[in-house]
Q: 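Handing you this structure, nothing more for now.
The residues of the chain are indexed from 1 along the displayed sequence. The basis for the numbers below is simple: all heavy atoms, side chains too, and nothing from hydrogens, waters or symmetry mates.
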Amino acid sequence: MQAKLSTMFQSLQVRNYRLFASGQLIKLIGVWMMFIAQDWLVLELSDDSATALGVVTALQFTPVLLLTLLSGRLADRYDKRLLLFVANAFWTVLSFGMSLLVLTGLVQLWHVFVFAALLGVANAVETPVRQAFVSELVGTSLLPNALSLNAAVFNSARIVGPAVAGLAIAAVDVGPVFLFTALSSLGPLATVVRMRPAELHRKDLLPVAERDSARVVDGLRYVARRPDLLLPMAVMSVIGMSLFNFQLTLAALAKTVFKTGAASFGLFSTALAVGALVGALAGTGRRSRPSVWLVLGAAVGCAVFGTLVGLAPAYWMVVALLLPAGFFMVFFAQSANQRVQLGTDAAFRGRVMALWVLVFLGTNPVGAPIIGWVAERFGAGASIWIGGLISLATALLALAWQLRRSGARLRLRVLPSPRFYVVERGAGRCPLLTPSN
């Protein structure tokens with residue numbers, strides 16, 4: 001057991017990564033608290049409008065759509081550590097400004113819209129840089145473990161943040177929650193400053209003389225020639241747009257369908273995050289690039305359970321189904337992320353990960369207003385299960401395309417224990433979904 005735990009958290013033995021992960025955990029707890037407070041504030045200021053929630057989500061992610069590819073170019077040209085400091089400093093200033101508006105009672109709905117858009121700008125710069133920076137912190141050999149731990153940090157914050165936010169909003173209202181978010185954003189600034197640049201893994205990056213010529217279009221051409229990178233990105237773009245809107249849909253589901261308060265909304269988010277944390281930890285033992293079958297199998301599981309969440313008729317059923325939905329959501333996203341990162345040359349990693357962030361987060365400005373409209377017109381449950389069915393159709397089409405392209409055959413085999421699908425090619429077999437013992 002001790003050896004297994006040591007392997008699971010192996011990247012934390014690297015000082016720079018340990019600082020990075022701790023700073024992210026502090027910040028992300030505050031960020032998830034802020035998301036809950038922001039959504040609740042929007043509902044209060046807009047008379048429970050799901051469309052207003054969709055607009056806020058769209059504004060939050062529109063800068064990702066517009067600026068992320070440029071940020072990837074910056075990541076391949078300049079010091080990622082410095083870029084992270086600047087982006088997080090901008091985030092901190094914005095957070096303190098918003099908390100002041102809320103605490104003084106001067107906040108209006110348009111303030112939230114502007115705040116969401118400006119935070120989106122900071123996020124558009126910070127996210128691809130942070131994704132590409134992980135390989136410099138730990139090197140290629142520990143990269144799968146570090147990426148899985150990143151997801152674990154993210155989802156640990158997702159468990160703590162919404163739960164604390166729900167209780168805090170009920171006790172002291174949304175203002176103090178925004179203030180805590182601002183204070184927590186100081187964490188990454190402190191940890192980035194304390195890192196040791198001499199211990200970063202930078203030998204595989206572009207030579208200094210070639211960095212100025214690094215172009216966005218070169219990164220796009222690189223991905224266009226790589227079907228193994230294109231497939232997970234294409235599947236993620238559709239699922240991200242149609243199903244990964246739980247920040248919006250769960251708030252509407254809690255308040256408009258089940259008529260519950262902020263604490264119950266926090267429970268929905270916490271249940272999703274508990275499953276997601278298990279999904280993230282499930283990938284920490286991975287030491288090589290995930291297979292395409294693993295990615296697509298996880299995508300199918302994510303879509304199935306996402307659909308069931310939207311169809312669940314009772315509150316307790318939603319909570320129960322959010323656990324496996326969260327597991328497959330993160331297991332799919334993380335395995336797809338690892339497949340892209342571990343298949344990319346270091347010199348292109350900033351631009352490729354910027355494109356990954358674009359399809360992962362940048363589709364939200366397109367999907368969020370549509371999802372919000374569907375939730376308002378047909379109900380929050382319908383907005384979830386419709387997105388789930390679209391995601392399922394996409395995952396199955398991608399699976400059919402990969403089977404046709406590879407010449408493999410999919411068949412169901414029932415073993416005494418456990419049951420699982422296999423993909424058969426010639427005399428060899430490879431698992432589509434690896435069973436847990």
Side-chain angles (χ1 to χ4, degrees), residues 23-67 84-127 130 154 157-158 160-190 245 247-248 250-251 255 262 265-266 269 361 364-365 368-369 372:
Q24 286 298 308
L25 179 61
I26 294 169
K27 175 188 173 182
L28 288 170
I29 288 174
V31 168
W32 278 105
M33 291 179 67
M34 183 270 291
F35 282 156
I36 301 297
Q38 176 184 270
D39 289 350
W40 212 252
L41 181 63
V42 168
L43 290 173
E44 289 179 350
L45 295 175
S46 65
D47 296 324
D48 296 340
S49 172
T51 300
L53 274 181
V55 170
V56 169
T57 304
L59 289 171
Q60 201 163 286
F61 290 104
T62 295
V64 177
L65 183 65
L66 300 176
L67 302 175
L84 281 177
F85 183 88
V86 172
N88 279 294
F90 182 52
W91 180 289
T92 300
V93 171
L94 290 173
S95 298
F96 274 108
M98 186 62 183
S99 64
L100 184 63
L101 284 173
V102 180
L103 286 168
T104 57
L106 299 175
V107 67
Q108 299 179 35
L109 186 59
W110 71 269
H111 290 145
V112 185
F113 289 163
V114 172
F115 172 69
L118 291 176
L119 280 184
V121 173
N123 199 36
V125 175
E126 192 263 355
T127 303
R130 171 168 43 82
F154 179 84
R158 201 172 177 181
V160 176
V164 174
L167 297 174
I169 293 171
V172 295
D173 209 359
V174 295
V177 177
F178 277 97
L179 179 59
F180 180 84
T181 295
L183 293 171
S184 69
S185 66
L186 296 172
L189 296 178
N245 288 286
Q247 177 190 341
L248 159 64
L250 291 183
K255 193 160 190 178
F265 172 34
S269 297
L361 299 178
N364 274 273

Q: Write down the atom of Gly187, the atom of Ile26, and the distance for their closest heavy-atom approach.
A: CA-CG2, 4.4 Å

Q: The criterion is side-chain contact (heavy atoms from CB on, under 4.5 Å); which residues satisfy it with Phe90, sequence neighbours excluded?
A: Leu94, Val121, Ala122

Q: What's the shortest heavy-atom distance between Ser99 and Ala182, and which atoms?
A: OG-CB, 4.4 Å

Q: Please, which pairs that meet side chain to side chain donor-acceptor pair (under 3.5 Å) have at least one residue in residues 110-119, sequence neighbours excluded?
A: Gln108-Trp110

Q: Which donor-acceptor pairs under 3.5 Å do side chains of residues 171-179 form with protein atoms, sequence neighbours excluded?
A:
none

Q: Of all residues at least two apart in sequence or in a different chain, which pass the side-chain contact (heavy atoms from CB on, under 4.5 Å) check with Leu186?
A: Thr92, Leu189

Q: My understanding is that only residues two or more places apart in sequence, or in another chain, count here; which of them pass side-chain hydrogen bond (donor to acceptor under 3.5 Å, both in side chains) with Gln24?
A: none

Q: Kindly give the heavy-atom pair with the smallest separation between Ala37 and Ile169, and that separation in Å.
A: CA-CD1, 3.8 Å

Q: How close do Val112 and Gln38 get, counting heavy atoms only, and between which atoms?
A: CG1-CG, 3.9 Å

Q: Treating Thr104 as the side-chain partner and Leu101 as the backbone partner, does any N or O pair qualify as donor plus acceptor under 3.5 Å?
A: yes

Q: Which residues satisfy the side-chain hydrogen bond (donor to acceptor under 3.5 Å, both in side chains) test with Ser49, sequence neighbours excluded?
A: Glu376

Q: State, to 0.1 Å, how close Ser184 and Pro188 come at their nearest heavy-atom pair, and which atoms those are.
A: O-CD, 3.8 Å

Q: Would Met98 and Leu118 count as a side chain to side chain contact (heavy atoms under 4.5 Å, CB included) here? Give the steps.
A: CA-CA 11 Å; Met98 186 62 183; Leu118 291 176; over 6 Å; no

Q: Just how far is it from atom CG of Asn123 to atom CG of Leu119, taken to the nearest 0.5 Å?
A: 8.0 Å

Q: Please report the shortest heavy-atom distance between Gly30 and Thr181, naming the atom on each side.
A: O-OG1, 2.7 Å

Q: Tell me, do Phe180 and Met33 make a side-chain contact under 4.5 Å, heavy atoms counted?
A: yes

Q: Take Val31 and Trp91 through the test side chain to side chain contact (heavy atoms under 4.5 Å, CB included) and record every step on the way to the result.
A: CA-CA 10 Å; Val31 168; Trp91 180 289; 3.5 Å; yes

